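For clarity, every value in this text was computed on a predicted model and none was experimentally measured. Quick note on labels: first sequence line is chain A, next is B, and so on, each numbered from 1.
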Number of protein chains: 2
Amino acid sequence: MKLTTRGRYGLRAVIDLAVNNGDEAVALSQIAERQGISVNYLEQLIAKLKKAGIVDSIRGAQGGYVLAMPSEEISVGDILRALEGDLNPVDCHELNSNETPCSNSDICVTKYVWKRISDSINDAVDGIMLSDLVAESKRVQAEAGITQANQSKQIC
Amino acid sequence: MKLTTRGRYGLRAVIDLAVNNGDEAVALSQIAERQGISVNYLEQLIAKLKKAGIVDSIRGAQGGYVLAMPSEEISVGDILRALEGDLNPVDCHELNSNETPCSNSDICVTKYVWKRISDSINDAVDGIMLSDLVAESKRVQAEAGITQANQSKQIC
DNA sequence: TTAATACCGAGTAATTTAATAGGGATTAAA
DNA sequence: TTTAATCCCTATTAAATTACTCGGTATTAA
């Protein structure tokens, strides 16, 4: 019941991108360096984010990535589902209709449990917008007296 | 972000035990057969449940397992945490104080996300009692015209 | 004494994770 | 027009985890 490094690193990368966005695209190598993640691995993660329409890429020299939408319109749920797949606790047809229906769905009791867990997780992450995290990040960094230039690496 | 078979099988086993409990202990082999789970594997799962004080065992011939408490006092959260470990989405000191504190806790933004997810999962599973599932199970089985003797195996 | 049961620890195949590695395509700038 | 910076894509791999199996020991009712 743990997120993988895909979700953890990927969310941090999107926050980094959102915090450091300006007029120009942000190179992946910069995000990777600030976040202490290998460029090669981060490439795989950002590819998922691009496929999900969360970021756009600009190819060539001076290229990089930008948010595909305002950060107010991107939820943490959108980001985590892009990186991790669905956030359901089990693969169950009742939660995810692209699963093959369970032969004992009519007498299944645990499906109510899975539905409650699933709904609570998705409601929680859909209720946090990227803009909230950007604001919090700026607040916390200002409080710690850390400038954008020398911000230290995150671990979590 | 998925539960393992430990949580899925184990929860089904506890529900089975609760539904089929009477004056006598229920042998693991019976639960295993009804639920279509190997006895050897189920042994490992029920050992965790016993260690957590959710079930008690009676050794020797005609022995088996019984609930250690009334089903009204056992939450799904108790059961799943016994089987899966904590239900937090990440190993983070803010959620689980036996983790070593994160060196960048002061500037960590994602911890707010993990806390919200963690709380929502734990609140959800702690709000469902085993007795609720037993009642639901009996209702569903009666509706399907299935007697206790020939109940079919569950898959989920 | 026997059979039914719980208890225990070691081993293992398959899968997933968390990367690494290396090359190709595109484009701004020198 | 070349170069360097950048995104893009696929293959490989070591380590960890999962989901078991296997074989034995201990206990106790009948």
Side-chain angles (χ1 to χ4, degrees), chain A residues 1-13 17 20 23-52 54-68 80 83-86 89-91 155-156, chain B residues 1-13 17 20 23-52 54-68 80 83-86 89-91 155-156:
Chain A
M1 203 57 180
K2 293 273 185 278
L3 291 170
T4 67
T5 56
R6 292 191 289 276
R8 301 205 322 269
Y9 293 0
L11 177 58
R12 275 167 47 202
L17 175 58
N20 292 287
D23 293 341
E24 287 158 20
V26 180
L28 204 60
S29 56
Q30 291 170 28
I31 299 175
E33 223 233 316
R34 276 193 297 263
Q35 298 297 327
I37 305 168
S38 96
V39 176
N40 281 304
Y41 192 39
L42 200 49
E43 268 181 352
Q44 295 174 31
L45 307 185
I46 205 133
K48 289 173 185 280
L49 294 165
K50 189 185 173 188
K51 199 172 170 190
I54 292 168
V55 302
D56 277 337
S57 65
I58 293 140
R59 301 193 68 171
Q62 315 312 120
Y65 292 91
V66 291
L67 292 180
L80 290 180
L83 292 159
E84 296 272 350
D86 72 73
V90 296
D91 289 327
I155 309 294
C156 298
Chain B
M1 206 54 180
K2 292 274 185 279
L3 291 170
T4 67
T5 55
R6 291 192 288 275
R8 302 206 321 271
Y9 294 180
L11 177 56
R12 274 167 47 202
L17 176 57
N20 292 287
D23 293 339
E24 287 157 21
V26 181
L28 204 60
S29 56
Q30 291 169 27
I31 299 175
E33 224 235 315
R34 275 193 297 262
Q35 298 298 325
I37 305 168
S38 97
V39 176
N40 281 305
Y41 192 39
L42 200 49
E43 269 181 352
Q44 295 174 28
L45 308 185
I46 204 133
K48 289 173 185 281
L49 294 165
K50 189 187 172 185
K51 200 172 170 189
I54 292 168
V55 303
D56 277 336
S57 65
I58 292 141
R59 301 193 67 170
Q62 315 313 119
Y65 291 91
V66 292
L67 293 181
L80 290 180
L83 292 159
E84 297 271 351
D86 72 72
V90 296
D91 288 327
I155 308 295
C156 301

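Rounded to a whole Å, the NZ atom of K51(A) is 10 Å from the P atom of dC9(D). Taking atom NZ of residue K50(B) and atom P of nucleotide dA6(C), one finds them 11 Å apart after rounding to whole Å. Computed from coordinates, the E24(A) CD to dT27(C) C1' distance equals 15 Å when rounded to whole Å. Rounded to whole angstrom, the span from the CG atom of L42(A) across to the P atom of dC7(D) amounts to 10 Å. To the nearest angstrom, P of dT5(C) lies 12 Å from CD1 of I31(B). One atom, NZ of K48(B), and another, P of dG9(C), lie 13 Å apart when rounded to the nearest Å. Remark: C1' of dA6(C) and CG of L49(B) are 15 Å apart, rounded to the nearest angstrom. Atom-to-atom, CG of D56(A) to C1' of dT6(D) comes out at 16 Å; the value is rounded to the nearest Å.
The two atoms that bring T5(B) and Y41(B) nearest to each other are OG1-OH, 2.9 Å, heavy atoms only. When every heavy atom of S38(A) is checked against every heavy atom of A32(A), the shortest pair comes out as C-CB, 4.4 Å. Of all heavy-atom pairs between V66(A) and I58(A), the closest is CG1-CD1, 4.1 Å.
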- Message: Within the 4.0 Å limit for protein heavy atoms, which parts of nucleotides 19-27 of chain D are touched? Write it as a string from 5' to 3', B for base, S for sugar-phosphate only, - for none.
- Response: SBBBB--BB

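Considering only residues two or more places apart in sequence or on other chains, K2(B) meets the salt bridge (Lys or Arg N to Asp or Glu O under 4.0 Å) condition with D86(A), D91(A).
Side-chain atoms of R8(B) never come within 3.5 Å of backbone atoms of V90(A) as a donor-acceptor pair (strictly under, hydrogens ignored).
Note on L28(B): only backbone sugar-phosphate atoms sit closer than 4.0 angstrom, heavy atoms only; bases stay farther off.
To the nearest 0.5 Å, the span separating CD on Q35(B) from CG on L28(B) amounts to 11.0 Å.
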